[in-house]
Amino acid sequence: CQANLPEGAVRNPKKHFDAKTRTGTAATYSVTGIEFQPDFVWVKSRGRAIDHALYDSVRGVEKRLETNNTDAEVTGDTTGLTAFNSAGYSGGALDQINGTTATNSFIDWMWKANGAAVSNTNGTITSQVSANQTAGFSIVTYTGTGANATVGHGLGKALGLQIVKQRSAGTVEDWEVWHSGIANTERLQLNSNGAKVTSATSWNSTSPTSTVFSVGTHQNVNESTKDFVAYCFTDVPNYQKVGSVVANATADNAYADTGFKIGLLLIKCSSTTGNWVM
């Protein structure tokens, strides 16, 4: 019985994460009624084959990334997300996040980090970090060096999931993903349906610690002078879980116990080709 589960550190999950659906208006709009000021907003049309749109407060407003492709960060996105507000966010008429068609329903996934980023010198690369240790989520930006390095993530606990994207203008690089369910010599790519592959130069064959994650010499995570963003997640009992499950291909299905009711589920088959499913 859910009522008998122990209470976690996050007493009210809606103070740290929320998901809202809405109808596009092709005009300026505001998402309201959220119990926190979001630092990370992920928007997707539910009825159209159109790009995802990701915004965060560390990179700043009007700067968009798209998880389904290799494009660099779009800047000056004046009709995209224009403000992070105390109880939601404001946006414009960008078709990708607010278009009007016969299938103009959208979903917003919103996370709280910790507002303005602070300098973090735990790694060999100084990073800018907005970290919500209570909810196990941080936004990290850094500039690559081209040499094996470490980057501070600010969460005080070893990461279970890190998603890294090179964002500098003119670059076309894949989204690199490490998950605790794969080896530290392997990676997945958020913009690809491919299986995990060996890539010792992605994470320098080193697992994250309570203070840093490692990057190797691969251009997707550490090209010299290029700018990067990382979205980092840790386990939080009764609130957030990074895990894996082995499929059994039977009618009774595989089962994974998270310990809580799920607000967002992200799944990827790591051993063979298969789409990411949210």
Side-chain angles (χ1 to χ4, degrees), residues 17 19-22 24 26 31 38-56 58-77 79-81 89 91-111 137 139-141 161-179 182 186-197 199 202 218-221 223 226-233 242 263-278:
F17 170 82
K20 296 286 187 180
T21 57
R22 58 183 166 83
V31 172
D39 293 296
F40 179 34
V41 176
W42 185 331
V43 184
K44 182 67 180 76
S45 168
R46 300 171 64 202
R48 300 168 60 198
I50 195 167
D51 295 328
H52 294 247
L54 279 67
Y55 301 87
D56 67 71
V58 177
R59 292 182 297 119
V61 297
E62 300 181 2
K63 295 180 179 180
R64 183 178 81 249
L65 288 168
E66 298 166 348
T67 53
N68 53 290
N69 61 44
T70 60
D71 292 354
E73 176 182 81
V74 175
T75 59
D77 188 13
T79 59
L81 187 148
Y89 78 91
L94 182 69
D95 188 49
Q96 191 171 333
I97 67 170
N98 193 32
T100 56
T101 68
T103 52
N104 61 339
S105 176
F106 291 85
I107 186 164
D108 302 297
W109 294 292
M110 294 163 283
W111 287 260
F137 170 66
I139 304 165
V140 179
T141 59
L161 174 67
Q162 63 201 42
I163 302 171
V164 180
K165 180 68 174 77
Q166 185 181 140
R167 58 193 182 95
S168 292
T171 62
V172 283
E173 306 294 353
D174 294 303
W175 290 77
E176 297 289 283
V177 179
W178 181 80
H179 182 286
I182 63 177
E186 298 173 327
R187 59 105 172 109
L188 292 161
Q189 293 180 328
L190 197 57
N191 56 289
S192 168
N193 68 355
K196 63 183 179 181
V197 298
S199 178
S202 290
H218 201 291
Q219 73 271 14
N220 288 358
V221 297
E223 184 174 353
K226 300 299 184 180
D227 294 327
F228 296 82
V229 64
Y231 302 114
C232 303
F233 301 83
V242 180
L264 171 63
L265 177 65
L266 176 64
I267 301 176
K268 173 71 176 79
C269 181
S270 62
S271 58
T272 189
T273 300
N275 290 327
W276 292 84
V277 179
M278 301 178 78

In the structure I gave you, are the side-chain heavy atoms of Leu65 and Arg59 within less than 4.5 Å of one another anywhere?
yes

Is any side-chain heavy atom of Arg22 less than 4.5 Å from a side-chain heavy atom of Asn98?
yes

I'd like to know if the side chain of Asn275 and the backbone of Val277 have a donor-acceptor N/O pair within less than 3.5 Å.
no

From OG (Ser270) to CD (Glu186), nearest 0.5 Å:
8.0 Å

Would you confirm whether Asn104, through its side chain, and Gly24, through its main-chain N or O, come within 3.5 Å as a donor-acceptor pair?
yes

Which distance, rounded to the nearest 0.5 Å, do you find between the OG of Ser45 and the CD1 of Ile50?
6.5 Å

Does any non-hydrogen side-chain atom of Thr21 lie less than 4.5 Å from one of Arg46?
yes

Looking only at heavy atoms, the pair that brings Val164 and Asn220 closest together is CG1-O, 4.2 Å

Between the main-chain N or O of Glu173 and the side-chain N or O of Thr171, is there a donor-acceptor pair closer than 3.5 Å?
no

Answer with yes or no whether the side chains of Asp51 and Asn68 bring together a donor and an acceptor at under 3.5 Å.
yes

With rounding to the nearest 0.5 angstrom, report the OH to CD1 distance, Tyr89 to Ile97.
5.5 Å

What one should report as the nearest heavy-atom pair of Ala72 and Ala169 is CB-CA, 4.1 Å

If you compare all heavy atoms of Arg64 against all heavy atoms of Ala53, which two are closest, and at what distance to 0.1 Å?
CD-CB, 3.7 Å

When rounded to the nearest 0.5 Å, the distance separating CG of Leu264 from CE of Met278 is 5.0 Å

Mind checking whether Lys20 and Ile107 have side chains closer than 4.5 Å, heavy atoms only?
no

Could you tell me whether the side chain of Phe106 reaches within less than 4.5 Å of the side chain of Gln96, counting heavy atoms only?
no

Output for pair (His179 NE2, Gln162 CD), nearest 0.5 Å, gives 11.5 Å

Donor-acceptor under 3.5 Å (Gln166 side chain, Gln219 main chain):
yes

Looking only at non-hydrogen atoms, find the nearest pair between Pro38 and Met110 and report the distance.
CB-CB, 4.0 Å

Find the distance between CH2 (Trp111) and CZ (Phe137) and round it off to the nearest 0.5 Å.
7.0 Å

Can you check whether Trp178 reaches Val221 side chain to side chain, under 4.5 Å on heavy atoms?
no

Could you go through the side-chain contact (heavy atoms from CB on, under 4.5 Å) check for Trp109 and Val41 one step at a time?
CA-CA 6 Å; Trp109 294 292; Val41 176; over 6 Å; no

Looking at every non-hydrogen atom in both residues, tell me the closest pair between Val58 and Asp56 and how far apart they are.
N-OD1, 3.0 Å

Please tell me if the side chains of Thr67 and Trp175 come closer than 4.5 Å, counting only heavy atoms from C-beta onward.
yes

Between Ser199 and Arg187, which heavy-atom pair has the shortest distance, and what is it?
CB-CG, 3.6 Å

Would you check, one step at a time, whether the test side-chain contact (heavy atoms from CB on, under 4.5 Å) holds for Val229 with Val140?
CA-CA 6 Å; Val229 64; Val140 179; over 6 Å; no

Between Asp77 and Lys63, does any NZ, NE, NH1 or NH2 come within less than 4.0 Å of an OD or OE carboxylate oxygen?
no

Suppose we call two aromatic rings close when their centres sit under 6.0 Å apart. Are Tyr231 and Phe40 close by that rule?
yes

So, does Asp174 use its side chain to make a donor-acceptor pair with the main chain of Glu176 at under 3.5 Å?
no

Taking the side chain as everything from C-beta on, heavy atoms only, tell me whether Trp276 gets closer than 4.5 Å to Leu190.
yes

Arg167, Glu223, Lys165 screened by side-chain contact (heavy atoms from CB on, under 4.5 Å) with Phe228, the one that passes:
Glu223

